[in-house]
Amino acid sequence: MAFKISKEITPQKVAAKLKNGESLNMLDVRELGEWREGHIAGVKHIPLGVLLERQDVLDPAQETIVICRSGNRSGLACELLSEKGFNVVNMTGGLNAWTDELVRD
């Protein structure tokens with residue numbers, strides 16, 4: 001089985017797009033505790049462990065930027081979702097590399 005390289009975007013490019021007022025479809029796949037510590041405003045939250053059960057809340061036709069803490073889980077999520085026909089982009093470096101504001105619940 002060939003390993004499929006998913007599309008990638010840097011946290012800096014995501015932040016720049018948001019600052020330009022672009023409406024981005026974003027998905028955070030971290031656990032609830034991590035999410036509560038801080039997340040990007042307006043992102044959808046579905047922990048990786050329940051992603052396939054809850055994929056119906058995502059729009060396969062829209063590009064979705066997938067986010068986690070370091071980029072590893074989001075990479076796995078991108079693999080799982082792209083196999084199901086979703087248009088996904090992995091945010092490399094994850095929130096560890098995010099320098100913009102985060103919201104806390």
Set of residues satisfying salt bridge (Lys or Arg N to Asp or Glu O under 4.0 Å) with respect to Glu37, sequence neighbours excluded: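 If we apply the salt bridge (Lys or Arg N to Asp or Glu O under 4.0 Å) test to Glu37, skipping adjacent residues, there are no hits.
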Under the salt bridge (Lys or Arg N to Asp or Glu O under 4.0 Å) test, residues paired with Lys17 that sit two or more places apart: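 For Lys17 the salt bridge (Lys or Arg N to Asp or Glu O under 4.0 Å) partners, ignoring immediate neighbours, are Glu22.
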Residue from Ile65, Ile67, Leu95, Thr92 passing side chain to side chain contact (heavy atoms under 4.5 Å, CB included) with Pro11: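 It is Thr92; the other options fail the test.
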Pairs where residues 60-72 contributes a residue and the test salt bridge (Lys or Arg N to Asp or Glu O under 4.0 Å) is met, not counting sequence neighbours: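 Non-adjacent pairs meeting salt bridge (Lys or Arg N to Asp or Glu O under 4.0 Å): Lys7-Glu63, Glu34-Arg69.
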Residue pairs, two or more places apart or on separate chains, that pass side chain to side chain donor-acceptor pair (under 3.5 Å) and touch residues 47-60: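 Passing the test, one end in residues 47-60: no pairs.
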Residue pairs involving residues 93-102 (criterion side chain to side chain donor-acceptor pair (under 3.5 Å); sequence neighbours excluded):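 Sorted pair list: Lys19-Asp100.
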Where is the tightest heavy-atom contact between [X] and [Y], given as atom of each residue plus distance?
X     : Y     : value
Ile46 : Leu51 : CG2-CA, 3.8 Å
Val89 : Cys78 : C-SG, 3.7 Å
Ala41 : Met26 : O-CE, 4.1 Å
Gly71 : Asn90 : O-ND2, 3.3 Å

pair Leu27-Val88: side-chain heavy atoms closer than 4.5 Å: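 When only atoms from C-beta onward are counted, Val88 and Leu27 do not touch, as no gap falls below 4.5 Å.
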Contact check, side chains of Asp28 and Ile40, non-hydrogen atoms, under 4.5 Å: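 When only atoms from C-beta onward are counted, Ile40 and Asp28 do not touch, as no gap falls below 4.5 Å.
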Residue pairs fulfilling ring-ring contact (aromatic ring centres under 6.0 Å, His included) with at least one residue in residues 41-73, sequence neighbours excluded: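 Checked against ring-ring contact (aromatic ring centres under 6.0 Å, His included) - neighbours excluded - the pairs reaching residues 41-73 are Trp35-His45.
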Separation of Glu8 CD from Met91 CE (nearest 0.5 Å):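 Here the rounded value is 12.0 Å.
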Pairwise distance CG(Leu52) to CG(Leu81) - rounded to 0.5 angstrom: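 So the CG of Leu52 and the CG of Leu81 are separated by 6.5 Å.
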Hphob cluster co-occupancy, Val103 + Val43, side-chain heavy atoms under 4.5 angstrom: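 Per the 4.5 Å side-chain linkage, Val103 and Val43 are not co-clustered.
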